[in-house]
Amino acid sequence: MRAWLLAARPKTLAGAAVPVIIGTAFAIKDTGMEGFQWIPALLCVLFAFIMQIDANFINDYFDFKRGNDDRATRLGPKRACAEGWIKPSAMLSGIILTTTIACIVGLPLVLWGGLDLILIGLICVVFCFLYTTTLSYYGLGDLLVLLFFGVIPVCLTYYLELPTMIHAITWEVFFASLACGMVVDTLLIVNNYRDRDNDLRDHKMTLVVRLGAKKSEKLYLALGMGAFLIMVVIYFYHFLTTPDKGISFISMALLLIYLVLHRNAQKKMKAINQGRQLNQILGLTARNMFIYDILCALGIVILM
């Protein structure tokens, strides 16, 4: 059980939670809790968590089959198949099981969103496999993060949690979904920054490999700053259009906490530059991402 828990990578579940929480915060703000759909909210959280675990199992299995998880040169956390904790055949069974459970959990959402959600769910499953097996080798991982940890989950969560008679995606939700994807992508950037030499050896042409270390450091900083500025624009819009100016100002001020933490993490990332010590930055980035999520959700809800 401990091996399966480690293979599920619990720390990565924050990445799955971030878009669902932000989408939910907007739904709460726009409904004022009148007609807010609680059951879809819970199903969205469960689906996101299970799909994240599924993605981790897929990554563990296929990277092992490709020979990428070399125990001697690996810089990141240990992987279950490479360490021999879980047999590849058992991991494949785990992938089938988690994929099936995710589909079962997500299927009832058609009651609130219609049959189109089946297609969206299938797209999520297909790209979950394509990311590890193909697309990450062509530097497309960051685009997938923007879509599947930003636009799709934030907008879909918001859409499903609204009363059925007012289904619509506002401009605020769409731009916040882009910000969410950018914040989550900082986690992928620092992960690929740490692994850039091994990825180049394995012909895995991630965006970091293509850009090089210096530009990747700047991109890491820019993503966090961009996510910060998008939410500031949303808050400033409310500052201009609502009578209670103080609440909008407080929301903007709170988000500065994230920007300071993100900038400090980038400085440490540049200073370390290479090696296993970059796992510290991975931890800091995950923490900052979760802080951004909480501060944004708090700021959005208090705008009610």
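One-based numbering along the sequence shown.
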Subject >> Residue pair Tyr137 / Thr206, side-chain donor-acceptor N/O under 3.5 Å >> reply: no
Subject >> Straight-line distance of Thr285 OG1 to Leu188 CG, nearest 0.5 Å >> reply: 11.0 Å
Original post:
Of the non-hydrogen atoms in Cys103 and Val125, which two are nearest, and what is the gap between them?
Top reply: SG-CG2, 4.2 Å
Subject >> Met225 CE: over 12 foreign heavy atoms closer than 6.0 Å >> reply: no
**OP:** Would you indicate whether the side-chain heavy atoms of Ile120 and Ile152 approach each other to under 4.5 Å?
**Re:** yes
Original post:
Is there side-chain contact between Phe174 and Leu178, with heavy atoms separated by less than 4.5 Å?
Top reply: yes
Original post:
Heavy-atom distance under 4.5 Å between the side chains of Leu160 and Gln37, does that happen here?
Top reply: no
Original post:
Can you tell if the side chain of Phe26 reaches within under 4.5 Å of the side chain of Thr157, non-hydrogen atoms only?
Top reply: no
Original post:
What about His262 and Tyr220, are their ring centers closer than 6.0 Å?
Top reply: yes
Original post:
Looking at Val20 and Cys44, what are the two nearest heavy atoms and their distance?
Top reply: CG2-O, 4.0 Å
**OP:** Specify the closest pair of heavy atoms between Met91 and Tyr61, including all atoms of both residues, with the distance to one decimal.
**Re:** CG-CB, 3.7 Å
Original post:
Does any donor atom in the side chain of Glu217 or Tyr193 lie under 3.5 Å from an acceptor atom in the other side chain?
Top reply: yes
Original post:
Which heavy atom in Ala227 sits nearest to a heavy atom in Ala179, and how many Å separate them?
Top reply: CB-O, 3.5 Å
Original post:
Which heavy atom in Met269 sits nearest to a heavy atom in Leu278, and how many Å separate them?
Top reply: O-CD2, 4.0 Å
Original post:
So, for Ala90 and Ile86, which heavy atoms are closest and what is the spacing to 0.1 Å?
Top reply: CB-CG2, 3.9 Å
Original post:
Are Ile294 and Phe290 side-chain neighbours, meaning at least one heavy-atom pair lies under 4.5 Å?
Top reply: yes
**OP:** Would you please test Tyr158 and Asp30 for side chain to side chain donor-acceptor pair (under 3.5 Å) and show each step?
**Re:** CA-CA 10 Å; Tyr158 174 79; Asp30 290 343; 2.5 Å; yes
Original post:
Is the shortest heavy-atom distance from the side chain of Trp112 to the side chain of Ile39 under 4.5 Å?
Top reply: yes
**OP:** With the side chain counted from C-beta on, respond yes when Arg9 and Asn56 share a heavy-atom pair under 4.5 Å apart, and no when they do not.
**Re:** yes
Original post:
Within a radius of less than 6.0 Å around CH2 of Trp38, do more than 12 heavy atoms belonging to other residues, nucleotides or ligands occur?
Top reply: no
**OP:** Taking the side chain as every heavy atom from C-beta outward, state whether Arg263 and Leu259 have any pair of such atoms under 4.5 Å apart.
**Re:** no
Original post:
So how far is it from Ile291 CD1 to Leu254 CG, rounded to the nearest 0.5 Å?
Top reply: 12.0 Å
